Amino acid sequence: MKILLCIISILFGLLSIIAALSQIKNTKRRLSPRLMILGGALLILAVLGMLLKLKADWIIAFAGNALICGAAIYNGLSNDNFHLQHHIIRIALSVLLVTGFIFL
């Protein structure tokens, strides 16, 4: 189960970084993509923390997911392109990932 959590977390972090890099190229807004990149990097760092058995891995995962979700919501609202279902799914996945970090 830990391996599955690590794989999904790394994929979510990498996909968030890729989406943010794509947005940096296509928009003048720089804050939300940079926050999303930081969040993706923190989520990947949390996986490393889990593998090294650090107690604070869930805090890093929480911070990374919060940055990813917050940046995505801010970006959607500021561009008048807010898709509620997309953000609900992203938040639900983030909650599941953080819960996994807490209990595994």
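Positions are given from 1 along the sequence. Side chains included, hydrogens not; waters and symmetry mates left out as well; all remaining heavy atoms used. Since we're looking at a predicted model, the values are computed, not measured.
- Considering CD1 of I91 and CD1 of I68, their distance stands at 12.0 Å, rounded to 0.5 Å.
- Proximity of F101 to V47: side-chain heavy atoms (C-beta onward) are separated by under 4.5 Å at one or more points.
- Distance alone, capped at 3.5 Å, places no donor-acceptor pair between the S22 side chain and the I18 backbone.
- Note: Q85 CD to R90 CZ = 13.0 Å, rounded to the nearest 0.5 Å.
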With a 3.5 Å cut-off and sequence neighbours excluded, list the donor-acceptor pairs that the side chains of residues 8-15 form with protein atoms.
unit_1 : atom_1 : unit_2 : atom_2 : d
S9     : OG     : L5     : O      : 2.8

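- There is no path of hydrophobic side-chain contacts, each under 4.5 Å, that joins I60 to I37.
- Heavy-atom neighbours of I3 CD1 from other residues, nucleotides or ligands within 6.0 Å: at or below the threshold of 12.
- The side-chain heavy atoms of F82 and I73, taken from C-beta on, include a pair separated by under 4.5 Å.
- In this structure, the separation between CG on L48 and CG on L54 is 7.5 Å, given to the nearest 0.5 Å.
- The side chain to side chain donor-acceptor pair (under 3.5 Å) test applied to D57 returns no partner, not counting sequence neighbours.
- Here CG of L97 is found 11.0 Å from CD1 of I102. Values are rounded to the nearest 0.5 Å.
- To the nearest 0.5 Å, atoms CE (M1) and SG (C6) are separated by 11.5 Å.
- Under the 3.5 Å distance criterion, the side-chain polar atoms of T27 are left unmatched by any main-chain donor or acceptor of I24.
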